[in-house]
A.B. asks: 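Can you keep this structure in mind? I'll have questions shortly.
Note that the numbering runs from 1 along the sequence shown for the chain.
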Amino acid sequence: MTSAPPTESHHAAAPPDSRTLATRREWIGLAVIALPCLVYAMDLTVLNLALPAISEHLHPSSSQLLWIIDVYGFLVAGFLITMGTLGDRIGRRKLLLIGAAFFAVASTLAAFADSAGMLIAMRALLGIAGATLAPSTLSLIRNMFHDERQRQFAIGVWIASFSVGSAIGPLVGGVLLEFFWWGSVFLLALPVMALLLIVGPSLLPEYKDPNAGRIDLVSVALSLFAVLSIIYALKQLAEHGLHTLPLALLAAGVAVGTAFIRRQKTLAYPLLDLALFQSRPFSAAITAYALSCLAMFGVYIYISQYLQLVLGLSPLMAGVALLPWALGFVFGSLLSPRLSRHVAPQTIMIWGLLSSSVGFALVWMAGTSWGLPALIAGTIVMSLGMAPVFTVGNEIIVTAAPPERAGSASAISETSAEFSGALGIAIFGSLGTLIYRMAVSDGLPASLSAEQRATSLATLGGAVATAQAAPGPVADALLFVARDAFVSALQFTALVGGVLVLLAGVLTARILRDMPPKA
């Protein structure tokens, strides 16, 4: 039977009861489950550094190279909903350990892949295994920490582990590639997964839904097709503009997704529990989380290019410049539980969103004489504002669901983040590309050939490559025009991102306008 909608009556947090406080075992268990989350985030970033070496040794085609990069994220997104519900049914610890074992095996095989096809297959298996990590770990936290304050701090640590992984991924990968072969970046996961497999059975308790029904395989197929086709279509639209195939895939994905949602209403044990959306706190948290991810991912693709192609920083120095952003998420995630002792969750979320809009405004100032300092300050303010939204929002999401459906709620949270990130990249990428082309088209040097003009109009990277082969004065003129046009695109996307998080703050305030002051 579909669970009843969660209650909307919220009261002031009761003082901690020693009977509900976590023991040393739970805190050590938290450290153990935070490590695979760190590795998951590292795996999303560390591969980019190894791409030149992979191209040299495996000789992938351009299409294969794209699949090596993308297939991991695609399958993580596609399997999140399924894995969240599967964890509720068979046990969150069991699913986490199964996923860790497959992650270790796939990482080893990927490290020693002798062909592009084998590496793509292993990255796909890593994506499926990676989809078990986020919903299993977050739902375990829901059941391990019963005191509200401790649970918020634990979720803050969980959020911080992803931020640390994203921050150190490029740095650790750079060190490994300096001394070892390209496959070494995949072996980073082995000691962490081995530790999880050894101590997980004794440290992590098992939780599952005692009344779980059978997983509906038709729903699994529908959700996979809908998620994968929509995300793939959005990525293609962002990279290549409006074309028939991605538009058709997008329409098919939306149609199948609609059929998936309708089917959930008829099932006794749905893959996606729609009753959760009847809770206003749950809906507000999902809205804020999704719009924040949309804005953040959309602007991030321009920030990384700005650092390297406009300011001329090396990949390593660009990673160092982005380090304060990740550290801001770590600090903000760990600070949020302390704030929640004195401030209502909805207030934290609303002011966090408003604060992050100031960060987007500072990023806009990167196009002025302030340059790099404005960008770094903007990313710090942005991360400090969004971290409480992510931490408090995820706590609301997992506690709005009945304990036996925490895995499903966690999967909804992560799927909304994946969808929003892909949508942000597609929308912001398309808008930024349009602005860049409009700004650069009239200023290109007349001596460029038709092919050079087309390359320079396509991307800033193409313009930089064209300038490297052009005579000095022509190169200087081209770089000036292209970089100025790209900065205009960055400023526009920062402005749109700021408006989006302001909108998220307004919507959150409206959804929760009648809630008691202390939730």
A.B. asks: Under the ring-ring contact (aromatic ring centres under 6.0 Å, His included) test, which residues partner Phe225, sequence neighbours left out?
C.D. replies: none
A.B. asks: Just jot down the side-chain hydrogen bond (donor to acceptor under 3.5 Å, both in side chains) partners of Trp325, sequence neighbours excluded, or say none.
C.D. replies: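 So Trp325 forms no side-chain hydrogen bond (donor to acceptor under 3.5 Å, both in side chains) with any residue.
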A.B. asks: Enumerate, atom names and distances included, each donor-acceptor pair closer than 3.5 Å involving a side-chain atom of residues 500-507, sequence neighbours excluded.
C.D. replies:
none

A.B. asks: Taking all non-hydrogen atoms of both residues into account, name the closest pair between Val381 and Gly359 and its distance.
C.D. replies: CG1-N, 3.6 Å
A.B. asks: Using a 3.5 Å cut-off and no angle test, enumerate the donor-acceptor pairs between side-chain atoms of residues 73-80 and protein atoms at least two apart in sequence or in another chain.
C.D. replies:
none

A.B. asks: List for me each residue that meets side-chain contact (heavy atoms from CB on, under 4.5 Å) alongside Trp364, sequence neighbours excluded, and say none if there are none.
C.D. replies: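 Thr368, Gln491, Ala494.
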A.B. asks: Could you list the residues that satisfy salt bridge (charged side-chain N to carboxylate O under 4.0 Å, His left out) with Arg263, not counting sequence neighbours?
C.D. replies: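 For Arg263, the residues satisfying salt bridge (charged side-chain N to carboxylate O under 4.0 Å, His left out) (neighbours in sequence not counted) are Asp216.
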A.B. asks: Taking side-chain contact (heavy atoms from CB on, under 4.5 Å) as the test, write out the residues that go with Pro36, two or more places apart.
C.D. replies: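 side-chain contact (heavy atoms from CB on, under 4.5 Å) check on Pro36 returns Leu133, Val192, Met193, Leu196.
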A.B. asks: Tell me the ring pair (Phe, Tyr, Trp, His ring centres under 6.0 Å) pairs involving residues 366-402, sequence neighbours left out?
C.D. replies: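 As it turns out, the ring pair (Phe, Tyr, Trp, His ring centres under 6.0 Å) pairs with a partner in residues 366-402, which skip direct neighbours, are Tyr289-Phe390, Phe329-Phe390.
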A.B. asks: Against Phe145, only a single residue in Trp158, Phe153, Trp27 fulfils ring pair (Phe, Tyr, Trp, His ring centres under 6.0 Å); can you say which?
C.D. replies: Trp27
A.B. asks: By side-chain hydrogen bond (donor to acceptor under 3.5 Å, both in side chains), which residues pair with Ser223, not counting sequence neighbours?
C.D. replies: none
A.B. asks: Going by heavy atoms in the side chains, are Phe297 and Phe428 under 4.5 Å from each other?
C.D. replies: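 They are not in side-chain contact.
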A.B. asks: Can you list the residues that meet the side-chain contact (heavy atoms from CB on, under 4.5 Å) rule with Ala288, with sequence neighbours excluded?
C.D. replies: Met349, Leu353, Val389, Thr508
A.B. asks: Which pairs, with at least one residue in residues 345-358 and sequence neighbours excluded, count as a salt bridge (Lys or Arg N to Asp or Glu O under 4.0 Å)?
C.D. replies: none
A.B. asks: Who are the salt bridge (charged side-chain N to carboxylate O under 4.0 Å, His left out) partners of Arg151, not counting sequence neighbours?
C.D. replies: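 Once residues adjacent in sequence are excluded, the partners of Arg151 under the salt bridge (charged side-chain N to carboxylate O under 4.0 Å, His left out) criterion are Glu395.
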